[in-house]
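See below for the structure under consideration.
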Amino acid sequence: MILGADLLRIEDLSISFAMVGGQVDAVKKASLRVLPGKVTALVGESGSGKSVISQSVMRILPRIATASGRILFNDPLTGKQTDILQLSQDGPDIRSIRGRRIGKIFQEPMTSLSPLHTIGDQVSEVLTIHEHMTKDERYERTIEMLRMAGFSKPERAFKMYPFELSGGMRQRAMIALALICRPALLIADEPTTALDVTIQAQILRLLKDLQQEFNMAMLLITHDLGVVANVADEVVVIFHGEVMEAGPVEAIFRRPAHPYLKGLMAAVPHFDMKPGERLKALREVPVNASHLLDAAGTRKTTGSEILLSVRHVSKSFQIRKGGFFRPSEEAAVRAVDGVSFDIRRGECLGLVGESGCGKTTVSKMLMRAVTPDSGSITFNDHSGPVDVLEAQGGDLQKLRAKIQMVFQDPVSSLSPRMTVQNILAEPLEIHDRGTPKSRQEMVGALMEVIGLNRRYLNRYPHSFSGGQRQRIGIARALALGPELLICDEPVSALDVSVQAQILNLLKDLQKDLGLTYLFISHNLAVVDYMADRIAVMCAGRIVELAPRETLMRAPVHPYTKSLLAAVPFPDLDRPLDFSALKAASASDMRNWSVQFQRDSAGDGLATVDLGDGHLVLARRNADVRELRP
Amino acid sequence: MLRYILWRIAVMVPTLFLISVLVFTIIELPPGDYFESYVSELRAMGEAADMEEIDALRERYGFDQPAPVRYFHWVGGMLHGDFGYSFEYQLPVSDVVGDRLWLTVLVSFVTILFTWLIAFPIGIYSATHQYSWGDYGLTFLGLLGLAIPNFMLALILMYFANIWFGTSIGHLMDQRFLNEPMSWEKAKSILEHLWIPVIIIGTAGTAGMVRRLRANLLDELQKQYVVTARAKGMNPFRALVKYPLRMSLNFFISDIGSILPQIISGAEITAIVLSLETTGPMLIKALQSQDMYLAGSFLMFLAFLTVIGVLISDIALAILDPRIRLQGGSTK
Amino acid sequence: MNSPLPPSGAPLQHYVSTAPFDPYSVEAMTAGQAKVFQASQTRLMWWKFKKHRIALASGIFLLALYLMIVIAEFLAPYNLHTRNMDFIHSPPQRVRLFHEGQLVGPFVYGRQMTLDMDTLRRVYTDNRNDVQKLRFFCSGDPYRFWGLFDASLHLVCPAKDGQMFLLGTDRLGRDVMSRIIYGARISLTIGLIGIAISFTLGIVIGGLAGYHGGYIDLVVQRIIEVLQSIPSIPLWLALAAIMPVSWSPILVYLGITVILGLLDWTGLARAVRSKLLALREEDYVLAAQLMGASSSRIIGRHLVPGFLSHLIASATITIPSMILGETALSFLGLGLRPPITSWGILLTEARSVSVIAFYPWLLFPMIPVILVILAFNFLGDGLRDAADPYK
Amino acid sequence: APPLREPEYWKDKLADGSLPPMAERIPKVPRVVNLAAMGRNPGQYGGSARMIIGGQKDIRLMTINGYARLIGIDERLVLQPDILESFEQVENRVYTLRLRDGHRWSDGHPFTTDDFVYYWEDVLNNKEMRPRGLPLDLLSDGQPPRFEVVDPLTVRYSWDVPNPDFLQRLASPQPLTLALPAHYMKQFHPKYADPETLKKLVEEEGTDDWTGLHIKRSRTYRPENPDLPTLDPWRNLVAPPAEQFIFERNPFFHRVDETGQQLPYIDRVLLNVSASGIIPAKAGSGETDIQSYGLDFADYTFLKDAEDRYPVRVRLWEHVQGSRIALLPNLNCGDTVWRDLFRDVRFRRALSVAIDREEINKASFFGLARESADTILPQSPMFKPEYQRAWSQFDRDLANRLLDEIGLAWNESEDLRLLPNGREAALIVESAGESTLETDVLELVTDHWREIGLKLHVRTSQRDVFRSRALGGEIMISVQQGIDNGIPTADMSPSALAPTGDEQLQWPVWGLHYLSAEQKGEAPDLPEAKRLVELMKQWKRSTSTAERETVWTEMLSIYTDQVFSIGIVNGTLQPVVTSRRMRNVPEKGLYGYDPTAFMGVYMPDTFWFDGSA
Ligand SMILES: Nc1ncnc2c1ncn2[C@@H]1O[C@H](COP(=O)(O)OP(=O)(O)OP(=O)(O)O)[C@@H](O)[C@H]1O
Ligand SMILES: Nc1ncnc2c1ncn2[C@@H]1O[C@H](COP(=O)(O)OP(=O)(O)OP(=O)(O)O)[C@@H](O)[C@H]1O
Ligand SMILES: [Mg+2]
Ligand SMILES: [Mg+2]
């Protein structure tokens, strides 16, 4: 092996899918490479073929796909060069590479894990396949890997099933799974989308460490140009399956040349945007939003000021302890712990927080998908207050039409056996809106506003890219023209330009129609762009809630501060200070100043009003002035 | 989990009660009673029955009493381990059943084993090699087994086994071993005869299992987690067994409870045709001649096994699928 | 620079594609794609189904069979009960085209029977001089078509005063082929009706139990348990005892169909239930709930389709067992009664070793049974694939 | 007398002395069966004969086929003393039965008049055992006989009025019991047994009281109790439930052949329980050595074919029933319209002549059966061709004429007749549905009757509910076999020809009337039926064979002329399969339960295996 030769060389790779109406070319003669120990970032628009390329490297393309070209893998261990496309589908050659020499983090962690097996089982299995180890050794190694991946209680996580984990936790499990064999090449397809910035930083640091320690190379697929700027060595920009621009990270960030890349750079939301400034999407889709949603039903913006008020809701999940037959002494995990907030009509409330802190659980409780153990939720509509938790029959049905949700995991929230057409038309059918024909029209219009071509209407969810699916989820939520839209990571899988397009759309709808949002996201810049007020959650509680400006400029709570400190910027001159980020520390109360810590009795925390709607969780007796920075 | 199991066992009591009522109704439904049919049968042969004896028996078994009284008599007896009296054999039911029970268990067990041993590999093969010649061929064979009625297959196999291998016709063993204690020779003879009923009873079920397994596997094989497993570098076969197969087992496990009655139902006619020394022919005969305690106790015994089977199936389902175990109790 | 890829190991140059770039560009739709996107989901499935050759052929075959039972009287050369005492247990005759090297069109040789008084067998010999040309669209046994009008037109009949037993005759000299054709009526409908009943019950009941869980599930489970725990034969016996003896054969037929259907749903219901118990935790179910979808819609539109392969496989397996389930009933003397004939009855009539030894043609009804079962299965395969989004 | 020759079978037992020599085992005057005189050959001891039975109950076949009776009939239907040394009768009232000196039960205990005394005094006349008194067969005109022990070897039963049926009942396949092994049975009788032991026995057996135990232990017809001493040629060794019953030669059996060999020749008979359905298949694969039970004419071809492959032989014997299959219109039918029709002799005759018996004969019997009314066979001494021919010709015109005469008009489309009340004439025939033969015949009859405008529906129902439904008038027509005994002598009871029992499905209610001594049912109101009852009574009172013959003749002509049952064919053939090595099996025989006791009168104890073949 020539030292420093390409670890992975993809030459003229073309991939097409045989579909009913003819073939779809997802990748057209793309070439790229990854150097040993280096990181090649693959960026590009949603649906441009990034994931497909990464699949072809592992030879795990769907059956209907055909690939041509060469994918050369130089195994530094053996020095042999193999053309992966020439290997037999599931033969021993490719198997000895998969998992051991090349690890892959899948884009959609939920569906990528088997629901029937524990996390520990699935992660340690890689070791069983490739390494000769005793059971105990495997356990040790897995626990260690899980801890490195950011699980604070890896022993517990080992025994948990995927559906018991939050989105971010699943993603971390996926990361652990990919890394456990210390592969020479890691293919990371959107590895941090579901992670909050502190944990993201922690993961990035982990990857960097591995890179240095084991000379691990990485093919990183991401939309977050901030991440690219922080970790990549080389960048490949891809659009519609074709490479548009490629080069060292310096060149790409400092001298973007191709109009597409320039457009991308411009579409990134940043913290210093002026109020009212719009994101510049690569393409603006003119949307007659009011027409779109008026078709769904007329709306009134009158009514009380507060649309939804949440009071002291809590939710615990039972955690299994002990064996199968022993009566489990049930321990509970407080996923949500006395959360209260209001959402005002027409505003966008941002909700940020650590991965696994209970954001999704809160949002599901608002939808009555999860029943809280205690607390109350009132929806204040023009027809008077409705107790969300008690509504029945017709009231509930009306409520359902008024509150909609975009799910965090787009794949599993779309019925796998329904075409997009049917998925989007379904809410309209349920609420008996319009005629079959007008529904058809409506569905077409929805597809357009989310930037998907109408010709995809007859495809099934699985044949879309991650971002495309996420957009379908958004379109479905919009179909009924709800008053309150709960968005759980609605843009995490979107590249910046499409993201800009979608965010603009949401903004427009808010402006034109007075739509109200609860916007959950890990991307603080996005929240900053969207939200009027922002709530920060940590460990099941809201630790700080303030108008956007206040929170961004003058955060009070230490957790908020550490969040803001961990944001990666798409700027080579503002690299993250990895060494400053201590592992699993941001949410660890012990690192906070005393005012924010629980007292020795185990509680004594209360919401303290700092004025101007700035609330923070601190010791009951804490001095307001002391808290202010 | 333990609580769940205890709760499920508690629920079995009313179920068994319901079943016993149903069983009793079934055996009481046809008009007349055993003695009626006994007298008729004798008369048809030109024989006479001793009416004295029959009247005495009638009285003794409370045939002059209303049905509920008889029901409680019967159930009460069973609770004490007294399964009643067979009029046909003029012996206590437990004596009559004797050997047949374990032979039934043997045949059923071997049949189930046979079905699984055949169906699983074929199902997996068919799913992974969809539309290959093997898939078609095995499908065809399986369906052939399904398409030929059991009794016909029984006749055909019996006839040719006799012509080609000289296996004596019908029965589970050569007749000279009938009343003998177990010996090596006898066991051999049983094995020699066993394959015919097992094939006959097994084939019908096998095709169904193969097809269902194949269908379920085909669905699961598309799932993303299979791709994940492949990406781990897992051997495709082991991956298949660990992930999609386990998922596909859902239907199979939910069926465990009914396997026994199904096998026994399927076996009944075969057993009649082949004149097997199992409980099937005895049960049918008891039903037809209205030997009610024999039939009733038999059915209750079967029902009991089934209820246990369902229990096992429920527990296994919970073990198999954590989603059912951890969230299954809730109501939507 | 024209390639984004430098030689191995060499530093990467800044590559910029020079191809024209239009962010709004979308690939032109091919005619095929345009058609696909306008088509409805059923149409899409039909296209996919059409590609499955064997399934298509099976579908056509079944369709033809179902058409056939409508005009069974016309297709069958003889009536169901037409006997020919001089041709008892006559083996199948061969249709020939050439007589002594000359083409004469389809014909059969006349037959003579002699009694072998030693073995008591009827021995048939072809009379090579007696050429009996088949007639087509001819007048033969009179029948009452659909009970509406009298007719005697047959597709094919034997020559005048001749015979034509292409599949042989049974112990009363009845034409096996005609009986098979008539038998298709019952056998092909009994399965469908039975399956309609059992699937409706199985899916609805199992679906509700699986989706709702809790007490509904508990109750349904116990009912299923009770029903399952009794082997089918006693149940048949009991139900047959309930069926009034004065019922006409047609009512008996319907009764049996309903019995078969009513007893068969439990297994399916349990399978549906246990599958739904798992599937109902999926996010898309939650999504549908949050949209306000009713239980029936969620079960019908979201959950059952995910289970379709199993349902199709079960259905294609159940149809034959219904067709044959009736043979088991007939075997016990509970089934259909003589004026009505089904393949099952034809087979039960042939249940003796001597048939296998001497009159194997009486086993011919097995062939249509096998063909129908195969056809249903391949059809099921095709449907499964058509409904499979991954294909 | 020739020197006695011991069978090999007992060699060991003889050697260790557990069995006395033959001279001490057989009566002083054994029954010497002269085989040569019967046209058969004296045989050799040895061998086990396998036979298949359809269920446990069928072990009674051994009692029937063994046919050891106090008095039995021979091949020519003549009564012979068998277990008895001799018997005498006076005016059919006084019967004196003389036992063989030295006759022993199968356990070696002497068989004496004590056994008769025990049965008479402690069983028959025990109020607990028989609360309702003596069995009907022992009553004549309702009166019991006087029982006397004349001397240690002689008993006498005497009535005041004749009881002509007595001897025949002793000779019947299911004989009237007169004696039980007292020495064995006494342990179950409170009069003799120790109360404690008896109580324990009763408990063990699970019966309610000693009578149940006594009944159970004393069953002779179904020899289920291996401990019960017997006089039959073979005795059972296996207690049910079992899949195989082993019958071993009775070392004390009273018959010897002319060469001094004790019968039976065959040492053991093995009865294998099997489903009746596969008996033909098993017989055809050489799995039985002697089989008639479970075989049907339709199986002949298959069995014949098996002769080439297996060492078996098939013979065809002739059935003795009056009709292999007969249709019985129920004169006590509940539907009055139909009942009136059935009671109209013209209607019954029309039904009968409308049947094309030749076609049925051809289709189902290869033309080998005899088309006949339901009556006696030519083998009976009383046979007259006119009985056979009575209304059994095929004459559709006659049938139509008769129906027209009755006034059954055709409907509009001229394909069905209408009943007087305007309904369509649709008959329902009940069949036990047990044989394809029945189904086939009914199918043909359906067509035949259709031609005279009558529709026939076949309804299969379990046989067990036949009787109660018939009594309830629910049955219109049923299919059964005809008269059981088609070869009667005048001394045999003609009860089958008159309404005498509730199992007679053509007049169950009338039959019940007679059976219950006019307590239940209804008296016949049809003159011909009344006459038949009178004749029956006359026969019962008769004292001479000549008188009985006249009664028989009149009854036969009334029965056939009135077509009380519609016979179709008789003299049908029954395959009898034996091992090819089995000797002394007659080539031709009459086969039936009554009176020939299946093979009983042909003495299977004289059958033997030819070791040299
Ligand atoms: N199984 C499939 N069948 C048909 N088309 C597919 C399939 N998988 C992907 N595609 C199509 O291929 C194109 C590329 O998809 P891919 O998943 O690689 O996009 P991506 O670049 O990863 O996008 P994202 O950033 O949104 O995940 C998309 O247009 C998608 O619709
Ligand atoms: N069904 C469940 N059973 C047990 N624990 C659960 C379940 N659902 C959620 N949890 C636990 O509740 C906590 C909060 O989960 P939640 O999904 O609300 O997190 P989140 O804030 O949305 O995180 P992320 O940003 O990673 O999506 C987690 O610790 C998770 O393990
Ligand atoms: Mg992707
Ligand atoms: Mg979440």
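Proteins come first, then strands; the chains are lettered A, B, ... in the order of their sequence lines, and each starts at number 1. Keep in mind that what you see is a predicted model, and the values were worked out from it rather than measured.
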>> Please classify the contact between C:L290 and chain A as side chain, backbone, both or neither, with a heavy-atom cut-off of under 4.5 Å.
In response: both
>> Tell me if a side-chain donor or acceptor on C:H14 pairs with a main-chain N or O of A:I252 at a distance below 3.5 Å.
In response: no
>> Under a 3.5 Å distance rule, please check whether A:Q397 uses its side chain to pair with a backbone N or O of C:G292 as donor and acceptor.
In response: yes
>> Are more than 12 heavy atoms, taken from residues, nucleotides or ligands other than A:K402, located less than 6.0 Å from that residue's NZ atom?
In response: yes
>> Given heavy-atom pairs under 4.5 angstrom as the criterion, report whether the side chain, backbone, both or neither of A:N422 touches chain C.
In response: side chain
> Would you find a donor on one side and an acceptor on the other, under 3.5 Å apart, between the side chain of C:S8 and the backbone of A:D6?
Replying inline: yes
>> Among A:M405, A:R400, A:Q404, exactly one meets side-chain contact (heavy atoms from CB on, under 4.5 Å) together with C:M291. Which residue is that?
In response: A:Q404
> What is the minimum heavy-atom distance between C:P7 and A:R33, and which atoms define it?
Replying inline: O-NH1, 3.9 Å
> Going from OG on A:S415 to OH on C:Y284, what distance comes out if it is rounded to the nearest 0.5 angstrom?
Replying inline: 5.5 Å
>> If we ignore hydrogens and angles and just use 3.5 Å, is the side chain of A:R417 paired with the main-chain N or O of C:P305 as donor and acceptor?
In response: yes
> Of the non-hydrogen atoms in C:K48 and A:Y460, which two are nearest, and what is the gap between them?
Replying inline: NZ-CE1, 4.2 Å
>> Please classify the contact between C:A387 and chain A as side chain, backbone, both or neither, with a heavy-atom cut-off of under 4.5 Å.
In response: both
>> What part of A:K364 gets within 4.5 angstrom of chain C, counting heavy atoms only: side chain, backbone, both, or neither?
In response: side chain
> With respect to chain C, which residue among A:L7, A:I64, A:L414, A:L457 yields the maximal number of heavy-atom pairs within a distance under 4.5 Å?
Replying inline: A:L414
>> Could you report the tightest heavy-atom contact between A:F407 and C:L286, atom names first, then the distance?
In response: CE2-CD2, 3.6 Å
> Would you say A:Q23 has more than 12 foreign heavy atoms packed within less than 6.0 Å of its CD?
Replying inline: yes
>> Within this structure, what is the CG-OG1 distance for the pair C:L44 and A:T419, rounded to the nearest 0.5 Å?
In response: 7.5 Å
> Relative to chain C, which of A:A246, A:A18, A:P62 shows the most heavy atom pairs under 4.5 Å?
Replying inline: A:A246
> Counting heavy-atom pairs under 4.5 Å to chain C, which of A:E242, A:Q421, A:R255, A:R368 comes out on top?
Replying inline: A:R255
> Atom CD in C:E281, atom OH in A:Y161: separation rounded to 0.5 Å?
Replying inline: 14.0 Å
> What part of A:R476 lies closer than 4.5 angstrom to a heavy atom of chain C: side chain, backbone, both or neither?
Replying inline: side chain
>> To check you understand the geometry: which heavy-atom pair defines the closest contact between A:I10 and C:L5, and what is its length?
In response: O-CD2, 3.4 Å
>> Tell me whether the rings of A:H258 and C:F21 are parallel (<30°), tilted (30 to 60°) or perpendicular (>60°).
In response: perpendicular
>> Between A:A30, A:P427, A:P256, A:S497, who has the most heavy-atom pairs with chain C when the cutoff is under 4.5 Å?
In response: A:P427
> For A:Q408, is it the side chain, the backbone, both or neither that has a heavy atom under 4.5 Å from a heavy atom of chain C?
Replying inline: neither
> Should the heavy atoms of other residues, nucleotides or ligands under 6.0 Å from CZ of C:R53 be counted, would the total exceed 12?
Replying inline: no
> Between A:E426 and C:H302, do the side chains contain an N or O donor and an N or O acceptor separated by less than 3.5 Å?
Replying inline: yes
> Quick one: side chain to side chain contact (heavy atoms under 4.5 Å, CB included) partners of C:A293, sequence neighbours excluded?
Replying inline: A:I430, C:A288, C:R297, C:I298
>> Please give me the minimum heavy-atom distance between C:S17 and A:V243, naming the atom from each residue.
In response: CB-O, 3.6 Å
>> Report which part of A:A401 has an atom under 4.5 Å of a heavy atom belonging to chain C: side chain, backbone, both, or neither.
In response: neither
> Looking at A:S463, A:P259, A:P416, which makes the most heavy-atom pairs under 4.5 Å with chain C?
Replying inline: A:P416
> Under a 4.5 Å heavy-atom cut-off, does chain C meet the side chain of A:L282, its backbone, both or neither?
Replying inline: both
